[in-house]
Amino acid sequence: MRREVPLIITILVGTVLIISVFIPPLESLGESFTLFFDIIAVFAFFLGGGNLVRVHVLKLAKKKRDWPFSIVTLVGFGVMLAAGLFKIGNPGDIAASVTAEGSLFNMIYRNVFVPLGSTMYALLAFFVASASYRAFRAKNREATILLVAAFIILLGSTPFGAWLTIWMPESMSILEIPNLAVWIMSSPNMAGQRAIMIGIGLGVVSMSLRLILGIERSYLGEDGA
Amino acid sequence: MKNLKWFVLAAVCILFAVSWFAKASGGDGVDNSVLDAFLVTLAAFLTLAIMSFLYQDNPYYKFAEHLFVGVSAAYWMCLGFWSTVVGNLFPRISEGLSNFFLVPYQPGPLNFFFAIPIILGILLLMRLSPKGGWLSRWPLAFIVGTTAGLNFVRYLRSDFVKQISSTFVPLVVDWQGFGHFFSNISLTAGGPLVMMLTNLVIFIGVFCGIVYFFFSKEHTGVFGKASRVGIWILMITFGASFGYTVMGRISLLVGRLTFLFTDWLGIIG
Amino acid sequence: MVHNNVGVIITLLVIAGGLVWLLVRSFRGKEIDRRVIFLFIMVSVAAPLLATITFKFTATPIVEALYDKIEALPEGSTVLLSFDFDPAMAPEVQPMANVVTRHCLEKNIKIVFMCLWATGQGQLEITLDQVLRRDFAHKIDGVDYVNMGYKAGNEGVLNVIVTDFEKMFPTDVNTTPYGDIEILQGVNSCKDMDLIVSFGGGRPGIKEWILFVGDPTGVPSAGGVAAVVAPQLYPYYPRQLMGLLGGIKGAAEYESHFRERHPNHADMDTPAIIMMGPQTIAHIVIIAFIIIGNVLFFMNRRRGARS
Amino acid sequence: MRYVLRCVLVAALLICGTAYAQTEDMVEDTVMTAMAPAPATNVNAFDTDNDHGHSVTVTWDLSVDDGGGTGAVTGYEIHRWSPAEMVTLDSLRGLLSAVEAELPNVADSSAEANLRRDSLRLRYAALIATSVAVGDDLDTEMKARRAAVKEAFLAALDGLPAAHARYPENGNWQLLGKVAAGVSTYSDAGGKEPTASSFIPDYCGFHYKVHALTADETVYGETAPFGPVECYGQWFNTGRVPVLLAVLIFGALTIIFVSIARRGADLYVRPLAGIEAVDDAIGRATEMGRPILYVLGLGTAADVATIASFTILGRVAKRVAEYQTALIVPTYEPIVMTVAQEVVKSSYLDAGRPDDYKDDTVFFVTQSQFAYVAAVNGIMLRELPATCVYMGKFFAESLLLAETGALAGSIQIAGTDEIAQIPFFIVACDYTLIGEELYAASAYLGREPILLGSLKAQDYAKAAVVVFALAGLLASYASWGHVFTDLFKVTN
């Protein structure tokens, strides 16, 4: 009962959806099912939010390390939730968009959420540098290939790339760094991408099949198969 | 050393206040309202707080991080509620609710289907109860089953079938006989030789790449050599894409600094 | 190479000096603390912004090809510029659109503007404001250029205008009937264009232009695209795609190539070149760190071998 | 002299003659343009294939005056004969939606609301025979009206086939649309739902005709009506046969190899460095007495990558339970969290240490990309995990995580199917599962014959790709390259 029902559900739903692709009257099934997800996901939000609050309240109660910061989280969570659910400061009535200009929700979003997010994203500029310093070293053949490819592309995206090989004759122009960079991007790079894509495509297909056939059950909390 | 922490805190607070005041009083030439001044200063403060992480973990980063977590969690919950529950669910299940939220009621013969996600959603919440936790697997099974079904066909369609057809490239381009070929042989970018080379590399690359992803055959002999070439191709791919992405990442930083220099300090632009 | 300016010289000296010092240390096998790297990146991005460091770019062949093509077009020939992008892509693509438009106007080439993306109209307006209305106020709408606006239908639009332009665009954006637009006299379809340039980065974009218009009619087609999609387009060069500006760098190359050959535009604003300042220095710094890293690696290995 | 006069006279006559002739020609011309162009020929209409019905495709041969001939044709108009009942249906539909729109605000007693209701009553009276009790209770009245209108609407629907069969009595030709000259096909596709204004009923005998237009609206060439033709839904989309074939072949392969594997054939799977490394990494963590951080990525519980990751998490949790090391699993998605909790719990059970399992090993952080990263990075620098495992879907955050992990001095093992992110993991992590390897890992860990069987099938499919590619390559030399491209053509 505990194990079988979920498996049956998976098999049933999966098969129906595969068939639906070939049966025009059932084509819209996929969309409505994906709409069902969003609804289930909203219920899941309660789980998530509940868990978040629980974790931080426990941290507070047990006075764990950095407990004062849990207050920040809880306050931020509470305020944003209130602002969103009760549409505080939203122009117009209850039908107005929750992210409407001038609402508290929108204000917090633009002045807290966005700067935090985009700065976090911008840290990548630094990490890209430190990563290439650490990792692009000619340890072995593979690493060397990686290094050389990256090096040419990097050089190719600066004006220096062009100056370094300006002396090359037209008949060798493919070897000029900018062209070489272009060629690498459009030829070997393309090939590698495609190989991975085909692999992933098949992997997904076969994994889906395993799920539908009930072979793969890890998602039900069973180890391996 | 103990009270250095407090000095820093004080300094930060003073700077914050100064910036707020300066922005509000139009110290930077632009005259903002007190609220805007506060918001800009806040945004700038949070930006710097996150960047301070680069030096080391510190209370200001912790503050920003915890605030971010709380706010963002609530943000998505609210969007989910308004767009999905109010936008998609209520109009289909209850006339009263849709009237309350002023969304158009959409009666339809198939609406009873919407009981499914509700029931499954409730089952999902069952895991909060010590006994019925196992029931929460049913909605999961539904979700997984659906995506499996969708993916199975979609990937066979797009990735698999399409990729095969797009690998049909003739290796030889506008062939006009050996004489012509060797008489003006050159490495000009976009010249015939390079074109052929490109197609050849793509074909061999895809071939060896796929060979590398064979799991059920030992990579020895010719097979092993092919898969080795495959790895090299992959390494070129990874190196190239890495190098290629750098530019985009730098732009992000430029964006943030422009915010600091222009909107906050007002020293450029 | 660099516009001389004290602040610039100093910052460059600081960065270069720092790197040399690190290189020397690396010969002694000393690892670099990550914070030093972060500092260098910060400086190399912030300094060019504050001191506006810019570089002179030599146009790569694929960019030069488009420049030469426009340069070679006789006065009064007609060029079609299609704006197929949205604000998200604007930082990369708008500069290209601006400089190419400027070049065409400078050469007294007639321009037919259009959009395959609804969002393109807004971007087109920006270009018209920043280039045409500011620096070429004397150009007359309908005589020197015309704005046909946006038509829905993606490839469908191309499929029609390849044979009959008027069928898809019976009027221009200010509803002037096709027949009354002077510039369009003698333009029945895309075949009558001397050059087609599409600025974009999505679908439909230059790829669709090539497949639906360029190839069938043989009208030279070129494009300006965001860096991410550039690699997928290179295979079309040079046969189906006669020129391509890829990403902010492509734009910068065109800007600097154009400004250098048209001194009367020396003071035009060059967003791409400015944007490339931080980019270039940051790239150089990263390259330098890769070199330093490898020096370190080989030093330590030799040391390991010796002991 | 007289000779000269005669010449002049002749000349004059000639001129007049030619002039007359010319005027005659001119008359001829005007007549020509006034004449209708040749109509389109061979009008044909048929149900659109591979669809859900409610659509008819009309085709015809171009008029000889289109392009060729006088070239007068500027385009074509397509008309369908629609009986009077169609009009009634439309007005009923309009009324129905109006009534339904009115229902929510019966409480509204404002002047304009009353006006709206009165106009509704009038429209109702005009259309529906059955009258309803107009009490002072608006709600009941409106509901009653809605019911009556709905009834009439459905009745009208049922009447449609008969009405169309009655052609050509009591109906009129209705313009569907225009197409440009040179076009010889038109798709008359409408809404599937009767409530849609563009609704086109199935199983009704439609009649179509095509007008060849000229610059002057009043002048056109008209074809004879074609009909009757019905539209209806198909039960199978033949446009997707190749996909079906692929599905069947792949399914068959899998089942075959699974059964072979079941019969105990020992199938080889090449070792995956990343997976081999997991155990050592856990051992290392135990020695150092530091925790293990497991990140499931940003995928949903339904993403294949995440599902594969669950299997690996199960393995890791089991080892962790055996070695009694600490495990930290911050999650991005609530459902993923619940699954992860299940997985970890049962792993502890399998390891025979159910009471060591703590509920806050797996916890939810936030469903926002960079907030999640910010939090995880914080955890890394505070807990200093000995090992970080990133398996699942990752986006821009991949490098943010991996670099911070390296900073914290952890051994890092990653795996993702996001092609754009693999490079960053390759560069910053010690071991990386590339794309498909991540999926294979679950089979590899399970070591279950069935899973290995499916892997084998997968490999054969790959071999098929290579073969087809080669064949296609050769075919592209021979002129019959299209054979293959056709074979793989997937319409819609």
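As the structure is a prediction and not an experimental result, all values here were calculated from the model. Chain naming here is simple, since letters A, B, ... match the order of the sequence lines and numbering starts at 1 in each.
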With side-chain contact (heavy atoms from CB on, under 4.5 Å) as the criterion, how do A:E142 and A:L146 come out once you've worked through the C-alpha distance, each side chain's angles and the decisive distance to 0.1 Å? CA-CA 6 Å; A:E142 281 72 24; A:L146 190 77; over 6 Å; no

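- Only the side chain of A:Y109 has a heavy atom closer than 4.5 Å to any heavy atom of chain B.
- Pairing each heavy atom of A:P115 with each of B:T47, the nearest pair is CB-OG1, 4.0 Å.
- Annotation: maximal heavy-atom pairing with chain B below 4.5 Å, among A:I196, A:I145, A:L154, A:V75, occurs at A:I145.
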For A:F105 and B:Y75, what are the C-alpha separation, side-chain angles and deciding distance, and is it a ring pair (Phe, Tyr, Trp, His ring centres under 6.0 Å)? CA-CA 8 Å; A:F105 192 72; B:Y75 177 77; 5.3 Å; yes

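- No other option in A:I152, A:L52, A:L209 has as many heavy-atom pairs under 4.5 Å with chain B as A:L209.
- Of the two parts of A:V112, the backbone and the side chain both hold a non-hydrogen atom closer than 4.5 Å to a non-hydrogen atom of chain B.
- Side-chain N/O atoms of B:N151 and A:S208 include no donor and acceptor closer than 3.5 Å.
- Interface remark: A:I108 contributes side-chain atoms only to the contact with chain B (heavy atom separation under 4.5 Å).
- Of the atoms belonging to B:M247, it is side-chain heavy atoms, and not backbone ones, that fall under 4.5 Å from chain A.
- The candidate with the highest count of non-hydrogen atom pairs below 4.5 Å against chain A, out of B:A74, B:A44, B:G149, is B:A74.
- Both the backbone and the side chain of A:I18 come within contact range of chain B, judged by heavy atoms closer than 4.5 Å.
- With a threshold of 4.5 angstrom between heavy atoms, B:I210 approaches chain A through its backbone and through its side chain.
- Of the two parts of B:L124, the backbone and the side chain both hold a non-hydrogen atom closer than 4.5 Å to a non-hydrogen atom of chain A.
- Checked by atom type and distance alone, the side chain of B:T84 never pairs as donor or acceptor with a backbone atom of B:F81 at under 3.5 Å.
- Using a 4.5 Å cut-off between heavy atoms, A:L74 makes no contact with chain B at all.
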A:T73 vs B:H66, test: side chain to side chain donor-acceptor pair (under 3.5 Å). Steps then yes/no. CA-CA 5 Å; A:T73 304; B:H66 282 78; 4.6 Å; no

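- Heavy-atom minimum distance, A:R65 versus A:K59: O-CE, 3.6 Å.
- Both the backbone and the side chain of A:L81 come within contact range of chain B, with heavy atoms under 4.5 Å apart.
- In this structure, chain B has a heavy atom under 4.5 Å from the side chain of A:M107, while its backbone stays farther away.
- When atom types are taken as modelled, the side chain of A:S187 and the backbone of A:W183 share no donor-acceptor pair closer than 3.5 angstrom.
- Both the backbone and the side chain of B:I122 come within contact range of chain A, each with at least one heavy atom under 4.5 Å from a heavy atom of that chain.
- Within the 4.5 angstrom heavy-atom criterion, only side-chain atoms of A:I153, from C-beta onward, approach chain B.
- With chain B as partner, the option from A:F22, A:F127, A:Y121 having the largest number of non-hydrogen pairs under 4.5 angstrom is A:Y121.
- Looking at A:V128, the atoms closer than 4.5 Å to chain B (heavy atoms on both sides) sit in the backbone and in the side chain alike.
- Around atom OH of B:Y61, more than 12 heavy atoms belonging to other residues, nucleotides or ligands sit under 6.0 Å away.
- The two atoms that bring B:T237 and A:P188 nearest to each other are OG1-O, 3.7 Å, heavy atoms only.
- Ranked by heavy-atom pairs under 4.5 Å with chain B, the list A:I40, A:L147, A:L116, A:I8 is led by A:L116.
- Of the two parts of A:I184, only the side chain, counted from C-beta on, holds a non-hydrogen atom closer than 4.5 Å to a non-hydrogen atom of chain B.
- Ring centroids of A:F33 and A:F36 are separated by less than 6.0 Å, placing the two rings close together.
- Listed options A:L155, A:L85, A:V42 were ranked by heavy-atom pairs under 4.5 angstrom with chain B; first place goes to A:L85.
- Remark: the backbone N or O of A:G84 is paired with a side-chain donor or acceptor of B:W82 at under 3.5 angstrom.
- Heavy atoms closer than 4.5 Å to chain B are found in both the backbone and the side chain of A:F113.
- Listed for the B:R249 side chain is no donor-acceptor partner under 3.5 Å among the backbone atoms of B:T245.
- Heavy-atom pairs under 4.5 Å with chain A peak, among B:C78, B:G230, B:G209, at B:C78.
- Chosen from B:L140, B:T146, B:I233, the residue pairing most often with chain A at heavy-atom distances under 4.5 Å is B:T146.
- Interface residue B:F100: backbone and side-chain heavy atoms are both found under 4.5 Å from chain A.
- With a 4.5 angstrom heavy-atom cutoff, A:F69 touches chain B via backbone and side-chain atoms both.
- Contact count against chain B (heavy-atom pairs under 4.5 Å) is highest for A:A149 among A:A82, A:P68, A:A149, A:S70.
- Of the atoms belonging to B:I143, heavy atoms from both backbone and side chain fall under 4.5 Å from chain A.
- Heavy-atom pairs under 4.5 Å with chain A were tallied for B:F213, B:F53, B:F68, B:W76; the largest tally goes to B:F68.
- In terms of heavy atoms, A:A191 sits closest to B:G205 at CB-CA, 3.8 Å.
- Interface remark: A:S186 contributes backbone atoms only to the contact with chain B (heavy atom separation under 4.5 Å).
- Both the backbone and the side chain of B:I236 come within contact range of chain A, with heavy atoms under 4.5 Å apart.
- With a 4.5 angstrom heavy-atom cutoff, A:M185 touches chain B only via side-chain atoms.
- Put simply, the side chain of A:T165 gets close to the backbone of A:I177: a donor and an acceptor are under 3.5 Å apart.
- The stretch residues 107-123 of chain A participates, sequence neighbours left out, in these salt bridge (Lys or Arg N to Asp or Glu O under 4.0 Å) pairs: A:E101-A:R110.
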Walk me through it: do B:L67 and B:L46 pass the test side-chain contact (heavy atoms from CB on, under 4.5 Å)? CA-CA 10 Å; B:L67 181 65; B:L46 293 174; 4.2 Å; yes

